[in-house]
There are 2 protein chains.
Amino acid sequence: MSQMQNVERQLREMILGLEIGPGERLTERWIESRFGASRTPVRAALLRLETEGLIGRDGRGWTVAPINLAELGQIAVYREAVEVAAVRLTAALEDRGGIEVIAAMLDSCDAETPREEWHRVGMDFHIELARLSGNEFLLRAVRDAMTRLSRARWLEVRDEKALGRAWAEHHAILVAVKAGHADEAARLLSAHIAGSRGRLVTSLHDDRRGLRARGFAVVAA
Amino acid sequence: MSQMQNVERQLREMILGLEIGPGERLTERWIESRFGASRTPVRAALLRLETEGLIGRDGRGWTVAPINLAELGQIAVYREAVEVAAVRLTAALEDRGGIEVIAAMLDSCDAETPREEWHRVGMDFHIELARLSGNEFLLRAVRDAMTRLSRARWLEVRDEKALGRAWAEHHAILVAVKAGHADEAARLLSAHIAGSRGRLVTSLHDDRRGLRARGFAVVAA
DNA sequence: GATACCAACTTGGGATACCAAGCCGGTATT
DNA sequence: AATACCGGCTTGGTATCCCAAGTTGGTATC
């Protein structure tokens, strides 16, 4: 694999994995030495990550995007629009065979599953559901939204009850889609996203002091 | 302004203005000499334009994105999802003062207005309407969709009657939004987008022979 | 002690040199 | 004449160098 994609992938994982904290400064020279690449692939990676919203410019210089509570709310509205559209499309398709695969993915998580896996599957559920619609743009939009939400979801204080509720909602959505009940699927999905947004923003808002203590920049709503 | 943004802007305008045809090959060296910049800003511009979908990689090398009829249909579905969501948000806002500005923008076009201006205003209508929602992500999505549609709309064979109909629909949507009638605005906007998609795809499909004769790559649906 | 000023360093933007891979044309062989 | 092979050229990928601007730390002056 080329250095370019390598740097981009590794840097993205460090940011999404909070190994580099929200709000932290990045210098091209540091990345260069950290990954053993030269500045050209480093700059290519930075440009890409900028369009993903994971990093931004801080005057002269680069900064890891802070956790922005107002932005999280806006993303939820955006998600709802595109995910509901995707699920309505899917419910109207003849071939909805991919649903079983998604259900199996959900069921692969149990009490022994590590937190990371729950986190990843919780995002992939929405991405794969959007993929079934066959619309590349809706898929891209959902993937982009989930990427931007990823760090916040990682920081969210989630209890097992909330996680179980989320999984039940996921399953209910799949059942409705499989049955071709577009309106019900849309309603369930909207409620799921709205609930998710509420819990997410509330959790981070309540804990923003703790987050700042960890050196994470948090922009209030 | 920095060379980087300069090259990006000029190259984007050349592509959107069809000065460089869909499907045409691009070499970094040609861009370099054409704009008097070195390869560093050229590559930055190419990376950005790639994420906008205006150019793509062709194995080793860059290519201006072809006109893709299947993609146009998918974009229409995507547009409808985000634009309807935006207009529903706007209709529910207290402050809908920006509507008059948009209406004035529409009214600035008359029989003497050059085609370019109609083209630009026809896109800006949708972008500015989305901006009123206050949601950055919906705005970005609409802007992105309109950018990807721009060349196709430019190639579309539009008669004055169709243009007049589109303007009337634009005005009707504004009236509904201003009155706070979210459902009606959503219905009108959906119909407008669906009709627009139909005319666009039909027009390009019928004329694809002529487009290919002009050296434009056209991917059939 | 406070402050104004200056030098050295850091940093991103840009330019250029080099490399490996692939494409293309020509040539030699059958 | 057809084809297989080979060498040069083009191209994107990478590394490195230079530059202007901004920051910082120290020092001299009041």
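In this text, all values refer to a predicted model and were calculated from it rather than measured experimentally. Computed over heavy atoms, backbone and side chain alike; hydrogens, waters and symmetry mates excluded. Letters go in sequence order (proteins before strands), and every chain restarts at 1.
Put simply, the side chain of A/Arg57 and the base of C/dG12 share no donor and acceptor less than 3.5 Å apart.
Regarding B/Arg60, its CZ atom lies at a distance of 13 Å from the P atom of C/dC24, rounded to whole Å. Here C/dC23 presents its C1' atom at 13 Å from CG of B/Asp58, a figure rounded to the nearest Å. The CD1 atom of A/Ile55 sits 11 Å away from the P atom of C/dG12 (whole-angstrom rounding). C/dG14 atom C1' lies 9 Å from atom CZ of A/Arg39, rounded to whole Å. Rounded to an integer number of Å, the gap from CD of A/Glu32 to P of C/dT10 is 14 Å. Going from atom CD of A/Glu28 over to atom C1' of D/dT14 covers 15 Å, rounded to whole Å. Here the P atom of nucleotide D/dT11 and the CH2 atom of B/Trp30 are 13 Å apart, to the nearest Å.
Taking the nucleotide of DNA chain C with the nearest heavy atom to each of B/Ala37 and B/Arg29, the more 5' of the two is matched to B/Ala37. Comparing B/Thr27 and B/Thr40 against DNA chain D, the residue whose closest nucleotide sits nearer the 5' end is B/Thr27.
The pair A/Glu156-A/Arg153 does not meet the salt-bridge criterion, since no charged nitrogen lies less than 4.0 angstrom from a carboxylate oxygen.
B/Glu32 has its side chain within reach of B/Arg29: a pair of non-hydrogen atoms, C-beta onward, lies under 4.5 Å apart.
Between the B/Thr202 side chain and the B/Arg199 main chain, no donor and acceptor come within less than 3.5 Å of each other. Side-chain atoms of B/His119 come within 3.5 Å of backbone atoms of B/Ser150 as a donor-acceptor pair (strictly under, hydrogens ignored).
The environment of B/Arg25 atom CZ is sparse: at most 12 non-hydrogen atoms of other residues, nucleotides or ligands sit within 6.0 angstrom. In this structure, A/Glu19 places its CD atom where more than 12 heavy-atom neighbours from other residues, nucleotides or ligands lie under 6.0 Å away.
Rounded to 10 degrees, the angle between the two end axes of the helix from C/dG1-D/dC30 to C/dT30-D/dA1 is 20°, with five pairs used at each end.
Residue A/Leu46 is out of contact with every strand shown, counting any heavy-atom pair closer than 4.0 Å.
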task = Let me see the working for A/Asp110 and A/Thr113 under side-chain hydrogen bond (donor to acceptor under 3.5 Å, both in side chains), right down to the final yes or no.
result = CA-CA 5 Å; A/Asp110 56 26; A/Thr113 306; 3.0 Å; yes

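Closest to the B/Pro41 side chain, of the nucleotides C/dA15, D/dG12, D/dT14, is C/dA15.
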